[in-house]
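One structure is given here, and the rest of the page talks about it.
The figures here come from the full heavy-atom set of this structure, side chains too, leaving out hydrogens, waters and symmetry mates. All ligand and atom numbering here is 1-based and tracks the order in the structure. All of these numbers come straight from a predicted model, not from anything done at the bench.
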Amino acid sequence: MERTLSIIKPDGVSRGLIGDVIKRFEGAGFRIAAMKMIYLSKKEAEGFYAVHRERPFFQSLTDFMSSGPILIMVLEGEDVIQHNRELMGATNYKEAKPGTIRADFATDIEKNIVHGSDAPETAATEIAYFFNSLEIVGSIEQNP
Ligand code: CMP
């Protein structure tokens with residue numbers, strides 16, 4: 001069983017797309033193991049996206065990610081990291097397959113509605129950036 005971090009970005013929250021996105025996650029069989037709404041400071045957004053700090057879009061991306069509330073979730077399931085990436089579609093919505101979240105809702109390469117971890121190591125780091133172990137809820141089978 002694998003876990004991944006999912007973010008509904010400020011554009012997804014402000015456009016009223018939380019329900020649509022979560023419906024796709026639940027429809028895909030993902031279990032939501034943790035969820036909270038937060039409003040990142042610029043510094044917190046910079047910390048989260050530190051791997052991109054040399055990229056030309058870093059300032060704009062971190063301004064955007066601290067421009068409004070975001071919904072963060074820990075999703076759990078078999079092969080959930082890759083499966084979530086397939087549901088989201090390509091980073092650039094113009095290259096995303098029809099029926100994916102980004103193809104259906106994104107308006108911009110930056111304002112692309114959702115973020116999802118890209119590998120097990122990044123998933124672990126990203127989950128730990130936002131959630132402590134008590135905030136990640138086990139399923140019935142996992143709860144002693
Ligand atoms: P995300 O999956 O959150 O990971 C990094 C983010 O940077 C990405 O989604 C986009 O929002 C943004 N991003 C990636 N590439 C570009 C780019 N070429 N121009 C602007 N923003 C980008």
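- The line from OG1 of Thr4 to CZ of Phe25 is 9.0 Å long, rounded to the nearest 0.5 Å.
- Sorted by chain then number, the residues whose non-hydrogen atoms approach ligand 1 to under 4.0 Å are Lys9, Tyr49, His52, Phe57, Leu61, Thr91, Arg102, Ile109, Glu110, Asn112, His115.
- A side-chain contact (heavy atoms from CB on, under 4.5 Å) with Leu71 holds for exactly one of Ile38, Ile22, Ile7; it is Ile22.
- In this structure, Phe48 is a member of the same hydrophobic cluster as Ile72, with clusters built from ILVMFWY side-chain heavy atoms closer than 4.5 Å.
- Between Phe57 and His52, the ring planes are tilted. Angles from 30° to 60° get that label.
- For the pair Lys9 and Phe64, the cation-pi test (distance below 6.0 Å, angle within 45°) is failed.
- When only modelled atom types and interatomic distance are considered, Lys42 and Ser66 share no side-chain donor-acceptor pair under 3.5 Å.
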